[in-house]
Amino acid sequence: AAGVTLDKSKREDFVLVLKSALFSSVLEEPTPGTRTFSFQVVDEEDTIVNGNSAVSSMSEAVVSIINVLPVNDEPVVSLGASVVAEYKEGTGGQVIVGGAGDIADNDNETMVSLTVILVNTPDGVDESLSVDALGGTSVSYDATTGVLLIDGEASVTDYITMLQGVKYTNTRFDSDRGNPDTTTRTI
């Protein structure tokens with residue numbers, strides 16, 4: 001228990017201290033629960049009791065309670081610097097992000113989903129995204145929306161591995177349909 005002592009201050013000083021009392025925690029994840037704070041003041045009126053002088057009297061304690069509630073911090077997906085991948089027509093899936101991809105979550109050890117979107121698809125359904133499922137996840141790709149959905153609970157490490165392993169494929173590379181459009185894709 002910590003205390004603050006003001007020595008022979010004016011009443012206004014005491015009021016100011018009481019009104020400015022704040023609680024904060026330096027912990028990223030403070031332990032949830034209640035915190036109880038007790039406030040008392042003492043006067044130093046000289047009083048003679050049984051021949052002794054300078055006996056102080058203490059006020060009744062006033063209690064303030066603060067409930068500390070945990071907050072689920074949002075996970076953060078990062079690609080480091082800008083990631084630029086190249087796709088050579090006629091090859092299998094090309095890894096997009098590789099080792100640059102990372103996921104951080106300071107208050108959870110598991111993730112439940114990851115969405116990757118192929119924003120523009122000038123070659124339509126010939127373009128797709130894919131990844132191998134890990135842990136308890138399933139993977140689906142919707143060619144009409146360009147959305148690759150990784151769904152299911154798995155470790156953050158598994159989700160990082162899947163993010164780093166997302167592949168882009170374009171099957172337009174034959175003489176009947178022509179070459180893939182060379183417009184830059186945004187994923």
Side-chain angles (χ1 to χ4, degrees), residues 20-35 37 65-187:
S20 64
L22 299 172
F23 170 78
S24 67
S25 176
V26 296
L27 300 174
E28 175 62 35
E29 297 298 323
T31 304
T34 59
R35 308 294 192 272
F37 300 89
I65 297 174
I66 295 175
N67 291 316
V68 176
L69 304 172
V71 174
N72 184 13
D73 297 322
E74 295 178 355
V76 177
V77 178
S78 66
L79 303 178
S82 250
V83 174
V84 177
E86 292 185 7
Y87 180 78
K88 183 178 177 183
E89 71 175 276
T91 61
Q94 171 64 44
V95 172
I96 302 166
V97 175
D102 194 23
I103 299 171
D105 192 339
N106 64 359
D107 56 4
N108 288 297
E109 295 179 7
T110 60
M111 298 281 106
V112 294
S113 73
L114 173 66
T115 303
V116 182
I117 303 171
L118 179 55
V119 177
N120 58 327
T121 55
D123 289 330
V125 296
D126 288 331
E127 300 181 72
S128 64
L129 298 175
S130 63
V131 69
D132 295 329
L134 296 174
T137 64
S138 62
V139 176
S140 62
Y141 179 72
D142 183 334
T144 59
T145 62
V147 172
L148 174 73
L149 177 62
I150 303 169
D151 192 37
E153 188 168 348
S155 70
V156 172
T157 301
D158 282 347
Y159 268 90
I160 291 170
T161 301
M162 290 184 285
L163 173 64
Q164 293 175 348
V166 172
K167 296 177 182 176
Y168 167 82
T169 301
N170 188 325
T171 58
R172 179 177 287 182
F173 58 89
D174 60 36
S175 59
D176 293 336
R177 295 184 296 159
N179 293 323
D181 186 305
T182 59
T183 302
T184 299
R185 307 310 195 266
T186 301
I187 300 174

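All values derive from a computational prediction rather than experimental measurement.
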Donor-acceptor contact present, side-chain [X] to main-chain [Y], <3.5 Å:
X	Y	answer
Gln164	Gly101	yes
Asp107	Asp73	yes
Asn108	Thr110	no
Tyr159	Leu134	no

Would you check if [X] and [Y] make a side-chain contact, meaning some heavy-atom pair closer than 4.5 Å?
X	Y	value
Thr31	Val68	no
Met162	Val116	no
Met111	Ile150	no

Test side chain to side chain contact (heavy atoms under 4.5 Å, CB included) applied to Asp102 and Val156, Leu163, Ile160, the passing residue: Ile160

Qualifying residue, where the test is side chain to side chain contact (heavy atoms under 4.5 Å, CB included) with Leu148 and the options are Leu114, Leu118, Val139: Val139

Roughly how far apart are [X] [atom1] and [Y] [atom2], rounded to 0.5 Å?
X	Y	atom1	atom2	answer
Tyr168	Ser130	OH	OG	11.5 Å
Leu149	Tyr141	CG	OH	12.5 Å
Thr145	Ile117	OG1	CD1	7.5 Å
Thr169	Gln94	OG1	CD	9.0 Å

[X] to [Y] - nearest heavy-atom pair and separation:
X	Y	value
Asp151	Ser113	OD1-CB, 3.9 Å
Ile96	Ala85	O-CB, 3.7 Å
Pro75	Asp105	CB-OD2, 3.8 Å

Asp132, CG atom: more than 12 neighbouring heavy atoms under 6.0 Å: no

